[in-house]
Amino acid sequence: MRRTSRVASKYWTLAAAAVLSVALAVPLSASTTAAEPTQLRDQGAAAEPVVDRGLGFLVSDYQTRHPAKYTADSWRPFAKALTTAAGVADDTSATTSQVAAAKTVLMTAAAELEAADEGTFQTITNNTFWNDTSGNPIYSQGGGVFKFGDTYYWYGVHYVGAESYRANPTQKYDNQVSFVSIPVYSSKDLVNWKFENRVATRSTVIQNGATLGQAGWVGRLGVSYNENTGKYVLAVQAYVGGGHGVLLLQGDSPTDTFDYGYFQTQITNSPTTGTGDQTVFTDDGKDYLIFSNREGRSRGFVAKFRESDSLRIEPGVEIRRGDGREGNAMFKLDGKYYHAASDLHGWNTSVNYVNESTSGNVQGSYSAEFVLPGTEMDYSHVTQTGFFVTVNGTKQNTVIYAGDRWADFAWNGIGYNQWVPITRTGARPQFHSVSQWQFNVTTGEWRVGPANNYILNPDIQADRVIVSSVRGWRNLGGSVTNVNGGVNGSRFALQVSNSGGVEQRIPSVPAGTYTMALHARGSAGQVVITGANGTQRTLSIPSSSGWAKRELTGIELPSGAATVAVRASGSGGVVVDQLSLVKTSDGGEPPAGERYEAETAPAVCQGTIDSNQAGFSGSGFCNGTNAVGAYAQFTVTPTATGTATLGVRFANGTTSARPANLIVNGATVATVSFESTGAWTTWSTKTVTVPLNTGGNTIRLEPTTAAGLPNVDYLDHIAGRSA
Ligand code: GCU
Ligand code: CA
């Protein structure tokens with residue numbers, strides 16, 4: 001039987017009308033009445049009638065369709081037709097024409113099902129400094145992401161220290177919290193961020209003619225859109241003119257330059273002025289300030305913004321009381337609210353302490369505090385709670401935890417923003433501490449990224465102070481401590497001596513082949529990795545006075561837990577740092593198949609990201625400035641060293657070639673001639689072979705003529721080592 005047909009639509013319309021009246025006449029059995037967009041496969045025995053004259057076959061065939069794959073608008077009539085048809089198929093007294101009409105309506109509705117937007121997966125890589133879509137640093141501490149219309153906006157604070165640390169990440173910058181500006185970035189996918197404006201700067205005038213540049217503190221902000229005034233109100237934790245409070249600035253658009261609205265020092269019910277950290281949480285179009293009291297920080301509050309104009313914070317409703325907490329933020333997952341906060345103070349890395357709502361009211365009652373599962377082993381991916389982004393996808397709900405890595409401004413590992421997914425696992429939300437992941441904002445789905453490091457606290461940065469039991473690593477005897485002086489100028493390393501050891505049990509790795517690597521110095525030692533099936537591989541560490549990289553490839557691991565143990569061979573100390581366990585696609589080869597879009601950070605485009613020439617992939621392509629040297633650059637992160645084949649997709653609508661130097665990690669390795677493709681909308685792929693290191697490799701295409709580059713769409717990692 002054919003499922004679709006090209007019969008004249010007039011016939012279908014008449015038949016559809018016929019079955020609608022049949023539908024009214026046929027009593028439906030209880031098992032076939034559900035017309036809601038839930039999966040219809042399990043709705044009982046309707047598909048196996050005694051006499052169905054071919055309709056039952058059709059019904060059971062269509063019952064395998066899943067609502068998530070189609071738009072809700074097209075699913076509704078289909079689900080209804082399917083329910084009706086199941087009833088007719090079940091009804092032994094249905095006439096031949098009723099059966100025929102039911103078939104017709106069902107086939108029509110099935111043909112009219114529209115596929116839902118499946119979205120695309122974008123890669124989020126932590127432990128790196130993030131750039132905007134123009135290749136400039138994203139400066140965004142203590143902020144928030146808000147969706148206005150169908151665009152996400154990210155606001156945060158640019159502090160001086162963020163520039164310093166980025167320029168030289170081998171020291172801390174304790175005193176560099178002076179305020180530069182509040183930038184705003186926009187994105188459709190929560191991964192690629194376009195710089196829009198500085199909504200406030202040091203010269204923004206606040207009350208009494210003072211400026212923000214004179215403020216003693218500016219931080220922890222969020223935005224409320226007020227429907228009555230049409231204004232976007234930015235609520236900032238501030239210390240100005242001798243007072244602690246919430247500074248309210250407002251603008252006409254999300255990216256406007258914001259002006260002074262009000263400075264509120266006291267929120268009713270809080271025992272102190274100001275806030276001990278705050279974020280803005282939006283739920284069902286209503287905005288709330290989530291905060292703790294400034295001194296002591298022992299109480300958590302949820303307060304509404306004043307409905308008329310959002311320029312006042314209404315009395316706080318206390319939702320928790322106990323130990324002092326800061327970095328207060330709220331997320332909602334599967335109908336429950338979660339208040340999350342960190343230990344005190346100074347952007348310290350911390351587990352997340354969570355209180356779960358016990359009613360459907362964000363200002364209602366909450367459970368006692370518990371530690372958010374998944375934040376224990378590496379102090380929330382070496383961060384303090386920043387804010388959350390709640391994404392209700394077409395297939396699943398995922399909350400993004402946006403952590404601030406900024407303690408001591410900073411020197412706690414590379415990168416300021418560490419974002420990881422939170423999903424519900426069993427009764428509680430689960431924090432997934434991944435170093436790289438891929439997120440689909442449309443469906444809400446996420447997956448572990450190909451370069452993810454499965455070892456937690458791999459750089460020994462979580463503790464921030466010298467300890468004798470290192471976070472995430474269980475002592476196995478001997479002497480264990482973190483020591484100052486990690487590899488590459490990082491702050492700490494792990495030292496194991498007196499024949500001692502530590503181990504980390506990784507709860508779950510997918511089956512595959514892995515490479516384990518670390519840097520080591522000092523006396524001899526070894527690292528033993530044990531898979532869930534008990535098989536072991538050992539990486540020997542010879543003694544070495546300076547840092548040396550050690551690597552073990554081709555480690556076959558079954559899915560399940562894996563344990564990594566670091567041991568000292570004798571009484572001397574072995575010092576290790578930058579441990580990694582990364583899945584390689586096949587037998588230790590780099591994970592071919594990754595695509596690096598030219599518009600996606602950390603890619604850099606010296607020109608503009610355009611989308612006017614059809615046929616590109618992702619959200620745009622790099623239209624390089626027509627000049628010698630105006631380059632496009634990609635960062636390729638394989639998991640093993642070797643020669644790789646890359647494909648550059650480009651279009652050249654002129655009649656002359658546009659040659660470019662291919663520069664890998666600063667060294668020119670080839671010249672690539674990008675010939676004419678005939679039109680700007682005709683895209684072609686050029687294959688190049690390059691040597692790659694593990695970690696980030698910069699692949700730069702630098703044009704050698706005044707015409708500049710062709711338009712560049714993406715870089716594909718086509719294959720691993722060529723031989
Ligand atoms: C045209 C074309 C651009 C291209 C440019 C160029 O303007 O629309 O996409 O980049 O030519 O010559 O570089
Ligand atoms: Ca161009």
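Here, residue 1 is the first one in the sequence, and each next residue gets the next number. As the structure lists them, so they are numbered: ligands from 1, and atoms in each ligand from 1.
Thr383 and Tyr401 share a donor-acceptor pair across their side chains, judged by distance under 3.5 Å alone. Between His381 and Asn127, the side chains place a donor N or O and an acceptor N or O closer than 3.5 Å (distance only, hydrogens not considered).
Any N or O atom pair closer than 3.5 Å counts here, and Asn612 shares no such pair with ligand 1. Distances between N or O atoms of Thr654 and those of ligand 1 include no value under 3.5 Å.
The cationic atom of Arg700 (NZ for Lys, CZ for Arg) does not lie both less than 6.0 Å from the six-membered ring centre of Phe634 and within 45° of the ring axis. Taking the ring centre of Tyr416 as origin, the terminal cationic atom of Arg405 falls outside the region bounded by 6.0 Å and 45° from the ring axis.
Within the 4.0 Å heavy-atom criterion, neither part of Asp610 lies near ligand 1.
Under a 4.0 Å criterion applied to the non-hydrogen atoms of Asn711, ligand 1 contributes the atoms 3 (C), 4 (C), 9 (O), 10 (O).
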